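Below is one structure; the comments refer to it alone.
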Amino acid sequence: MPKLDESLLTGLPPFSLLDRAQIREILDQAVSRRYDEGTAIFREGHDADRFYLLLDGYLRVIRSTPGGDQIIVLHISPGQLFGIAPALQRNTYPATAIAAAESIALSWPVRVWDDFITRYPGFATESYKTLGQRLGQIQETLTEMATQAVEKRVACALLRMVHQSGRKSDKGIEIAFPVTRQNISDMTGTTLHTVSRLLSAWQKDGIVESTRKHIVVTDPHALVVLSEA
DNA sequence: TCATTAATAGCAT
DNA sequence: ATGCTATTAATGA
């Protein structure tokens, strides 16, 4: 296995308070792996034997409902911890993580979790902070799904992806990972057909521009207006 | 070029 | 207004 460079972790929130030697310790226990687009890093209900940090790429976190269909709960962007079942006192993963684009992640065995928490200042607080943020976000989208009209939900979903992965391009802000209409419908509880119609209409109005699996928001403000309407 | 998968068009509920 | 079937378009082998 290649020796991992310390610059990979310096500056990332969970490790920002640590010195060089501590980061070295952490890296020496880590395993680095690459995941092709569409690959599962771990699956819902399986034994949580490792926890992860996304270095590069994007992930979809998916949960299946009692009804059998799957919904996209949230996305993970580079620098974030994920699969941190030990923080939830769980020994199985609560959701499935799929690489939305080619991704690279570090992972550690769960048995070192308690060690990390006690030995590395800032790691615990940052981990629980991201955990809390995610719970809040899930709550938000959940109530949104139950109460808001479809157009608003899709507008919100696009805005969320823009916020966590938006890159400026010449046309506007582009979503940095491949997204299908099916994906968006899985995030919003509709069908790909409705999403397709909405995107077509918005494209005509100059709010978005989309090609296959690729979306650019050309008028973010108009989308914000739609999401609040 | 063909097989696979994404996106739309048009009809039904 | 939203969902479904059938068709077209794009992509990658």
Side-chain angles (χ1 to χ4, degrees), chain A residues 33-44 54 56-78 95-105 137-229:
Chain A
R33 231 201 102 178
R34 196 186 66 88
Y35 300 88
D36 285 325
E37 181 175 340
T39 316
I41 290 87
F42 53 78
R43 292 193 177 275
E44 181 174 354
L54 187 64
D56 191 44
Y58 287 93
L59 308 183
R60 286 194 288 272
V61 176
I62 290 169
R63 288 204 57 167
S64 31
T65 64
D69 36 27
Q70 309 201 311
I71 61 161
I72 297 177
V73 180
L74 53 82
H75 291 269
I76 306 281
S77 21
T96 298
I98 307 274
E102 179 176 317
S103 300
I104 299 172
Q137 198 188 324
I138 292 167
Q139 280 279 345
E140 209 173 296
T141 53
L142 226 54
T143 49
E144 174 190 303
M145 287 243 287
T147 59
Q148 304 301 318
V150 174
E151 186 178 52
K152 279 200 216 175
R153 306 208 297 264
V154 175
C156 285
L158 281 183
L159 286 173
R160 277 198 300 276
M161 289 191 280
V162 161
H163 283 140
Q164 66 194 156
S165 88
R167 291 190 303 210
K168 289 188 192 72
S169 75
D170 44 350
K171 292 280 189 179
I173 307 174
E174 68 175 331
I175 293 168
F177 52 88
V179 205
T180 64
R181 278 119 234 266
Q182 174 75 63
N183 293 151
I184 297 174
S185 67
D186 288 342
M187 300 174 61
T188 53
T190 15
T191 61
L192 71 149
H193 317 276
T194 300
V195 173
S196 177
R197 272 192 287 259
L198 282 171
L199 288 180
S200 301
W202 291 344
Q203 177 140 358
K204 196 153 47 63
D205 297 341
I207 298 171
V208 301
E209 232 166 83
S210 69
T211 54
R212 180 177 243 240
K213 289 176 139 194
H214 184 100
I215 297 174
V216 179
V217 178
T218 47
D219 188 349
H221 180 71
L223 210 54
V224 172
V225 172
L226 281 173
S227 73
E228 290 166 347

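Please read all numbers here as calculations on a predicted model, not as lab measurements. Order of the sequence lines sets the chain letters (A, B, ...), proteins ahead of strands, with each chain counted from 1.
- The residue among A:Q182 and A:R197 whose nearest nucleotide of DNA chain B is located toward the 5' end is A:Q182.
- Of the residues in residues 208-215 of chain A, those lying under 4.0 Å from DNA chain B by heavy-atom distance are A:R212, A:K213.
- A salt bridge links A:R34 to A:E102: one of the charged nitrogens lies within less than 4.0 Å of a carboxylate oxygen.
- A:S196 has a side-chain polar atom (N or O) that falls below the 4.0 Å cut-off from OP1 or OP2 of B:dT8.
- Looking at heavy atoms from C-beta onward, A:L59 lies in side-chain contact with A:S103 at the 4.5 angstrom threshold.
- In summary, contact between chain A and DNA chain C, defined as any nucleotide atom under 4.0 Å from a heavy atom of the protein, begins and ends at C:dT2 to C:dT11 in the 5' to 3' direction.
- OP1 or OP2 of B:dA6 has not a single side-chain nitrogen or oxygen of A:R181 nearer than 4.0 Å.
- Looking only at distances, no side-chain donor or acceptor of A:T188 sits under 3.5 Å from a matching main-chain atom of A:V154.
- A side-chain donor-acceptor contact under 3.5 Å links A:N183 to the backbone of A:T180.
- The main-chain N or O of A:A155 is never found under 3.5 Å from a side-chain atom of A:S227 such that the two would form a donor-acceptor pair.
- Checking side-chain atoms of A:T141 against main-chain N and O of A:I138 turns up a donor-acceptor pair under 3.5 Å.
- Remark: the A:S210 side chain and the A:R181 side chain contain an N/O donor-acceptor pair separated by less than 3.5 Å.
- Atom-to-atom, CG of A:L192 to P of B:dA6 comes out at 10 Å; the value is rounded to the nearest Å.
- Looking at A:E144 and A:R160, a side-chain N of the basic residue comes within less than 4.0 Å of a carboxylate O on the acidic one, giving a salt bridge.
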